[in-house]
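In what follows, a single structure is set out as structure tokens and then discussed.
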Amino acid sequence: MTILTLDALRAAYSLPQEGGKALGDAAIAEQLSVLPAWSYTDGAIRREYKFNDYYETIAFVNAIAWIIHREDHHPDLTVSYNRVGVAFNTHSVNGISINDFIAAAKLDMVFDR
Ligand SMILES: C[C@H](O)[C@H](O)[C@H]1CNC2=NC(N)=NC(=O)C2=N1
């Protein structure tokens, strides 16, 4: 598999993966190297974002909703007072696809300046 750069992930759009194949562990590890805040555990790529208060936390959740609706690719979220846990996998391949990395790169882009 070709590893996409962070810029390439940011510029890409999720595509339907129905009928596609999940990425293998080696490809997942290589693609994760451009997203160092993310890890691959329990069948998903995951990151925790931290905030100062609940208002910021929910504002970020709303930003996620906007981005993710545009990508048509939906994470599991764990929302608490000052943290948002995000987990992506691709149901349609029963594993990880490039869409998970594209969506992760876009969330990081709005979180970090
Ligand atoms: C057709 C469309 O691409 C699919 O229904 C999308 C919608 N959002 C999705 N989100 C996630 N996390 N996995 C999927 O396989 C998925 N499939």
Side-chain angles (χ1 to χ4, degrees):
M1 155 181 175
T2 310
I3 302 305
L4 297 187
T5 64
L6 187 56
D7 282 346
L9 290 173
R10 288 173 167 184
Y13 290 100
S14 299
L15 293 171
Q17 298 292 326
E18 281 74 9
K21 217 163 144 274
L23 298 177
D25 285 353
I28 292 167
E30 277 188 69
Q31 189 61 77
L32 268 183
S33 69
V34 306
L35 293 165
W38 292 75
S39 59
Y40 175 57
T41 52
D42 296 332
I45 62 165
R46 298 170 192 274
R47 175 174 181 179
E48 188 175 78
Y49 296 94
K50 296 195 180 100
F51 302 92
N52 292 314
D53 57 32
Y54 197 67
Y55 181 82
E56 283 188 13
T57 300
I58 298 302
F60 188 66
V61 168
N62 280 283
I64 292 175
W66 181 271
I67 293 164
I68 246 44
H69 184 62
R70 190 185 57 184
E71 295 300 328
D72 193 19
H73 195 62
H74 301 87
D76 290 337
L77 299 180
T78 308
V79 179
S80 29
Y81 174 73
N82 58 356
R83 288 159 204 267
V84 179
V86 179
F88 280 110
N89 59 23
T90 302
H91 318 139
S92 45
V93 300
N94 196 26
I96 302 297
S97 75
I98 195 64
N99 289 353
D100 299 309
F101 295 99
I102 292 168
K106 291 185 179 186
L107 298 195
D108 279 3
M109 187 166 53
V110 300
F111 178 73
D112 301 312
R113 289 167 57 93

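Just so it is clear, the structure is predicted and the values come from calculations on it, not from any experiment. One-based numbering, in listed order, for ligands and for the atoms of each. Index from 1, following the sequence.
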* To do: Check each heavy atom of N99 against ligand 1 and say whether those closer than 4.0 Å belong to the side chain, the backbone, both or neither.
  => neither

* Does any N or O in the side chain of K106 come within less than 3.5 Å of the main-chain N or O of I68, such that one atom is a donor and the other an acceptor? -> no

* Test item: R47 and D108 side chains (from C-beta on) under 4.5 Å apart, heavy atoms -> yes

* Asked: By number and element, which atoms of ligand 1 are closer than 4.0 Å to a non-hydrogen atom of E18?
  -> 1 (C), 4 (C)

* Considering heavy atoms of the protein only, find what lies nearest to atom 14 (C) of ligand 1 and give residue, atom and distance to 0.1 Å. => H91 N, 3.5 Å

* Between A104 and I45, which heavy-atom pair has the shortest distance, and what is it? -> CB-CD1, 4.0 Å

* Of the backbone atoms (N, CA, C, O) and the side-chain heavy atoms from C-beta on, which set of Q17 has a member under 4.0 Å from an atom of ligand 1: side chain, backbone, both, or neither? -> neither

* May I ask you to check if K50 and F111 form a cation-pi contact, with NZ or CZ under 6.0 angstrom from the six-membered ring centre and within 45° of the axis? => no

* For atom 2 (C) of ligand 1, what's the nearest protein heavy atom and its distance? -> D72 OD2, 3.2 Å

* Asked: Can you tell me if Q17 uses its side chain to pair, donor with acceptor, with the backbone of S92 under 3.5 Å?
  -> no

* **Min N/O separation T90 to ligand 1 under 3.5 Å** => no

* Structure fact -> Ranked by distance from atom 16 (C) of ligand 1, the top protein heavy atom is H73 ND1, 4.1 Å

* **Minimum-distance protein heavy atom relative to atom 10 (N) of ligand 1** => H74 N, 3.0 Å

* Any idea how F88 and H73 line up, ring-wise: parallel (<30°), tilted (30 to 60°), or perpendicular (>60°)? -> parallel

* Asked: Any idea which atoms of ligand 1 are less than 4.0 Å away from a heavy-atom of N89?
  -> 11 (C), 12 (N), 13 (N)

* Are V84 and Y81 grouped together when hydrophobic residues (ILVMFWY) are joined by side-chain heavy atoms under 4.5 angstrom apart? -> yes

